[in-house]
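Quick caveat, the model's predicted, so the values are computed rather than measured.
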Amino acid sequence: MGLLERLKLNKTKDFFEWLDLILKNELNSEIKAINFNLYEDTDNKWSVELVGTFSFDRDNDDWACDEVFTTRDHPFVIECESDWKLVETFFIGLVNEYLSSGKLKEYQAIGIGFVDGDLHILYAR
């Protein structure tokens with residue numbers, strides 16, 4: 001079993017519970033789009049935070065910086081020895097699986113990416 005499969009097996013439920021708890025609380029009605037910021041921490045730890053934004057612009061990634069809500073103080077953290085690309089692929093898979101349940105689709109768009117990297121749009125209407 002590869003690293004991605006092991007992570008998915010062990011962390012999918014935890015990630016969904018983290019996200020459900022955030023969404024259970026009423027988010028600011030001014031949120032137009034959601035972005036998942038990824039970070040490399042120390043000691044083989046990787047964090048993801050949910051950011052709600054005032055805007056969405058398919059042609060300008062700066063929309064992801066237009067924050068009105070963030071879980072920066074309570075990120076979801078995994079620990080694994082890996083490179084950033086594999087971690088990004090893992091989190092993209094988790095968010096896509098969450099989206100497949102129909103959740104988050106009330107927003108104009110859902111993006112994900114490392115804070116110093118490329119932004120990937122996973123959903124846009």
Less than 4.5 Å apart, side chain to side chain, heavy atoms only: is that true for [X] and [Y]?
X	Y	answer
L50	W18	yes
L119	N35	yes
L122	I112	yes
N96	Y123	no
E67	R72	yes
V68	T53	no
L23	L104	yes
D14	F76	yes

Indicate if [X] and [Y] have the same hydrophobic cluster label, given that clusters are the connected sets of ILVMFWY residues with side-chain heavy-atom separations under 4.5 angstrom.
X	Y	value
V95	F16	yes
F114	V51	no
F69	Y39	no
L38	V77	no
L99	F91	yes

Nearest-0.5 Å distance that lies between atom [atom1] in [X] and atom [atom2] in [Y]:
X	Y	atom1	atom2	result
I110	K103	CD1	NZ	13.0 Å
Q108	D57	CD	CG	10.0 Å
W46	I78	CH2	CD1	8.0 Å
T70	E49	OG1	CD	3.5 Å
F90	S82	CZ	OG	10.0 Å

Closest contact, heavy atoms only, [X] versus [Y]:
X	Y	value
K32	S29	NZ-O, 4.4 Å
P75	S47	CB-CB, 4.0 Å
G52	I31	CA-CG2, 3.8 Å

For E40, salt bridge (Lys or Arg N to Asp or Glu O under 4.0 Å) partners two or more places apart: none

Residues two or more places apart in sequence or in another chain: which of them pass salt bridge (Lys or Arg N to Asp or Glu O under 4.0 Å) with K105? none

State whether a side-chain donor-acceptor pair under 3.5 Å links [X] with [Y].
X	Y	result
Y98	D20	yes
E79	N44	no
H120	E88	yes

With a sphere of 6.0 Å drawn around CG of N60, does it hold more than 12 non-hydrogen atoms of other residues, nucleotides or ligands? yes

Who else is in the cluster with L21 when I, L, V, M, F, W and Y are joined by side-chain contacts under 4.5 Å? none

Between the side chain of R125 and the main-chain N/O of E106, is any donor-acceptor distance below 3.5 Å? yes

Do the ring planes of W63 and F56 sit parallel (below 30°), tilted (30 to 60°) or perpendicular (above 60°)? perpendicular

